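Predicted model only: the values in this text are computed from it and were never measured.
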Amino acid sequence: MERREFLKMSIVAGAAVAASTMPAMAEASYTEFTIKECMKLTPQQMAENSGAVMESWKYIQRQAASIKNPKLRKAVQDIIANPAPKLMSAVSGRKKEVYRELEKNGWLKGVSYDAFLPENGSSKKANQPFYTAPGSGYTSHHSYPGGLATHTALNVEMSLALYDNYDKIYGFNLDRDVIVAAQILHDLHKPWVFQWQKDGSSRNENKLAGTGEHHVLGVAESIVRGLPAEVCVAQACAHNHPGFSKDEEGPVRWLKAAAIIADVDPVKFGLLAADGKTLPLQRSMEAFVTHLGDHDWVLTVPAAKWLIPAMEEIAMQDYGLNKADIKSAKFYAFRNTVFSQATIMTLYHLMQKDGKEALRKQVHAIVKA
């Protein structure tokens with residue numbers, strides 16, 4: 001069976017569960033604004049005025065509360081309530097050593113010592129709530145206040161559909177706690193990495209060990225906070241799976257880099273097999289489910305890249321913005337407001353199904369022209 005058919009079957013079988021656990025985001029309410037009001041809104045205000053974002057955030061909290069293991073449940077709830085980088089305490093006094101070790105392995109290409117680790121890294125308080133962060137970089141998927149919440153909610157639903165199907169078709173249960181925890185936490189450091197800037201855009205992300213730095217930093221955070229090794233391994237597999245040697249090199253590399261940051265031995269912690277070359281054997285099925293569940297980006301990345309130019313066109317034609325404004329706080333406030341209220345995916349679907357005029361009408365319903 002092709003992978004796309006397997007995922008399709010998972011979505012269909014999980015539809016009844018999804019309907020009972022999370023209301024359709026298309027039915028969630030949004031708030032109307034004027035263009036002047038958009039300019040005054042903070043990312044937190046945009047997120048909190050979005051029905052889609054807040055319903056997603058509530059859903060994530062409910063799923064975190066459904067984790068049966070009390071210690072793991074508390075750890076996950078603590079992280080999403082305050083995603084502060086406690087890993088900074090592990091790096092304190094040894095940042096140069098950590099930087100040198102990562103650089104020696106070729107995992108910090110083009111990243112200077114000063115640029116290593118995002119700014120405003122307080123181990124006590126996150127620079128923004130989980131639910132106000134974007135889901136990725138400013139030209140990529142879910143790039144609006146609250147995008148991380150809608151992205152994570154969809155991923156958890158996808159993962160639970162797979163979890164249910166393995167039980168339904170093969171008659172066995174995977175570890176639901178591991179799947180839910182790993183998927184909720186798979187992007188836990190996007191609030192730190194993608195900090196909102198004064199002009200309304202988000203911070204540019206650096207690469208770390210061949211992937212976005214948020215990924216390795218998030219795994220390191222889970223290690224520092226003492227989460228079980230199987231959760232950390234599944235979390236690391238969100239960006240690639242261990243099914244083939246070449247693919248497994250990714251999670252192994254990210255776990256090694258995270259272990260350097262967290263100051264632990266990856267083998268002794270249970271992150272890698274005894275030889276340090278593969279994930280622990282036999283390879284966790286929960287890790288594969290976490291990977292498959294993190295495939296929202298396959299559609300949402302191109303959807304964002306197709307939708308953003310359409311939004312620029314509407315902003316210039318209907319809201320008095322000029323070409324110079326498109327790279328300024330004025331347009332960023334406009335698009336952040338519209339995207340946070342309706343979501344990029346809902347707007348792209350509308351444009352794809354009914355055309356640009358339908359998109360234009362929806363934008364006008366959110367921000368008065």
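Under the ring-ring contact (aromatic ring centres under 6.0 Å, His included) criterion, Y131 pairs with W57, sequence neighbours left out. Every residue two or more places apart in sequence or in another chain that forms a side chain to side chain contact (heavy atoms under 4.5 Å, CB included) with T34 is listed here: K36, E37, K368. Looking at residues two or more places apart in sequence or on another chain, you find a salt bridge (charged side-chain N to carboxylate O under 4.0 Å, His left out) between E221 and R225. Residues passing the salt bridge (charged side-chain N to carboxylate O under 4.0 Å, His left out) test with D187, sequence neighbours excluded: K190. Contacts of K104 classified as salt bridge (charged side-chain N to carboxylate O under 4.0 Å, His left out), with partners at least two apart in sequence or in another chain: E101. Applying the ring-ring contact (aromatic ring centres under 6.0 Å, His included) test to F269 and every residue at least two apart in sequence or in another chain returns nothing. Take N240 and apply the side-chain hydrogen bond (donor to acceptor under 3.5 Å, both in side chains) test, not counting sequence neighbours, and it matches D247. Take E313 and apply the salt bridge (charged side-chain N to carboxylate O under 4.0 Å, His left out) test, not counting sequence neighbours, and it matches K356. Annotation: side-chain hydrogen bond (donor to acceptor under 3.5 Å, both in side chains) contacts of Q362 (sequence neighbours excluded): Y30. By the side-chain hydrogen bond (donor to acceptor under 3.5 Å, both in side chains) test, D175 pairs with no residue at all, sequence neighbours left out.
Side-chain contact between M88 and L117 is present, with at least one heavy-atom pair separated by less than 4.5 Å. At a threshold of 4.5 Å between non-hydrogen side-chain atoms, the residues H142 and S136 do not count as touching. H141 is not listed as a side-chain neighbour of I344, based on a closest heavy-atom distance of 4.5 Å or more. Proximity of E312 to I308: side-chain heavy atoms (C-beta onward) are separated by under 4.5 Å at one or more points. The shortest distance between side-chain heavy atoms of I260 and W107 falls below 4.5 Å.
The nearest pair of heavy atoms linking Q183 to S159 is NE2-OG, 2.8 Å. Taking both residues in full, the closest heavy atoms of Q195 and P118 are given as NE2-CB, 4.0 Å, listed atom of the first, atom of the second, then distance. Heavy-atom minimum distance, L108 versus L102: CD1-CB, 3.7 Å. Shortest non-hydrogen contact noted between S66 and D177 is O-OD1, 4.4 Å. When all heavy atoms of A258 and I223 are compared, the closest pair comes out as CB-CD1, 4.0 Å. Shown here for A209 and V216, the closest heavy-atom pair between the two residues is CB-CG2, 4.2 Å.
Under the 4.5 Å side-chain contact rule for hydrophobic residues, V193 and F130 do not share a cluster. Residue Y348 is grouped with residue V367 when hydrophobic side chains (ILVMFWY) are merged at heavy-atom distances under 4.5 angstrom, including chains of intermediate members. V301 and L299 are assigned to two separate hydrophobic clusters, defined by single-linkage of ILVMFWY side chains at heavy-atom distances under 4.5 Å. Criterion: ILVMFWY side-chain heavy atoms under 4.5 Å apart, direct or through other members. Under it, L217 and L148 are not part of a common hydrophobic cluster. The hydrophobic cluster containing L87 does not contain V264, counting ILVMFWY residues as joined when their side-chain heavy atoms lie under 4.5 angstrom apart, directly or transitively.
No donor-acceptor distance shorter than 3.5 angstrom exists from the side chain of E248 to the backbone of T278, with no hydrogens or angles considered. T290 contributes a side-chain N or O that, together with a main-chain N or O of E286, makes up a donor-acceptor pair within less than 3.5 Å. Put simply, the side chain of N69 gets close to the backbone of L72: a donor and an acceptor are under 3.5 Å apart. With hydrogens and angles disregarded, no donor-acceptor distance shorter than 3.5 Å links the side chain of R283 to the backbone of L279. Looking at S328, its side chain does come within 3.5 Å of a backbone N or O of D325 through a donor-acceptor pair. Although no hydrogens or angles enter the test, the distance criterion places a donor-acceptor pair under 3.5 Å between the side chain of Q341 and the main chain of M46. S143 places no side-chain N or O within 3.5 Å of a backbone atom of T139 that could act as its donor or acceptor partner. A side-chain donor-acceptor contact under 3.5 Å links W196 to the backbone of T132. Looking at H295, its side chain does come within 3.5 Å of a backbone N or O of H291 through a donor-acceptor pair. No donor-acceptor pair under 3.5 Å is formed between the side chain of S50 and the backbone N or O of A47.
If you look at Y138 and F194, their ring centroids are not closer than 6.0 Å. When ring centroids are compared, H186 and H151 come within the 6.0 Å threshold. In this structure, H189 has its ring center at least 6.0 angstrom away from the ring center of H214.
Within 6.0 Å of NZ in K71 there are 12 or fewer heavy atoms belonging to other residues, nucleotides or ligands. Remark: F172 CZ is packed, more than 12 non-hydrogen atoms of other residues, nucleotides or ligands lying under 6.0 Å away.
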**Request:** Verify side-chain hydrogen bond (donor to acceptor under 3.5 Å, both in side chains) between H239 and T211, making sure each step is shown before the conclusion.
**Result:** CA-CA 8 Å; H239 279 200; T211 192; 2.8 Å; yes
**Worked verdict on Y166 versus V289 for side chain to side chain contact (heavy atoms under 4.5 Å, CB included)** = CA-CA 10 Å; Y166 277 113; V289 170; 3.8 Å; yes
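A salt bridge links E357 with R360: the distance from a Lys NZ or Arg NE/NH1/NH2 to an Asp or Glu carboxylate oxygen falls below 4.0 Å. Salt-bridge check for K246 with E249: passed, with a basic side-chain N closer than 4.0 Å to an acidic carboxylate O.
To the nearest 0.5 Å, atoms CG (N82) and OG (S122) are separated by 8.0 Å. Considering CD1 of I35 and CG of L321, their distance stands at 6.0 Å, rounded to 0.5 Å. Here H364 contributes atom NE2 and D318 contributes atom CG; the two are 3.5 Å apart, rounded to the nearest 0.5 Å. Distance CG/L41 to CG/N336: 10.0 Å, rounded to 0.5 Å. Here N155 contributes atom CG and I184 contributes atom CD1; the two are 11.0 Å apart, rounded to the nearest 0.5 Å. Between the CZ atom of R176 and the CD atom of Q63 there is a distance of 5.0 Å, given to the nearest 0.5 Å.
Side-chain contact annotation: T343 with T346, donor-acceptor N/O pair under 3.5 Å present.
Applying the side chain to side chain donor-acceptor pair (under 3.5 Å) test to residues at least two apart or on different chains, the pairs with a partner in residues 110-119 are E119-R203. Among residues at least two apart or in separate chains, there is no side chain to side chain donor-acceptor pair (under 3.5 Å) pair with a member in residues 252-277.
Exactly one residue among L255, V252, V219 makes a side-chain contact (heavy atoms from CB on, under 4.5 Å) with L271. That residue is L255. Between F334 and the choices F33, Y144, Y319, the ring pair (Phe, Tyr, Trp, His ring centres under 6.0 Å) rule is met once, by Y319.
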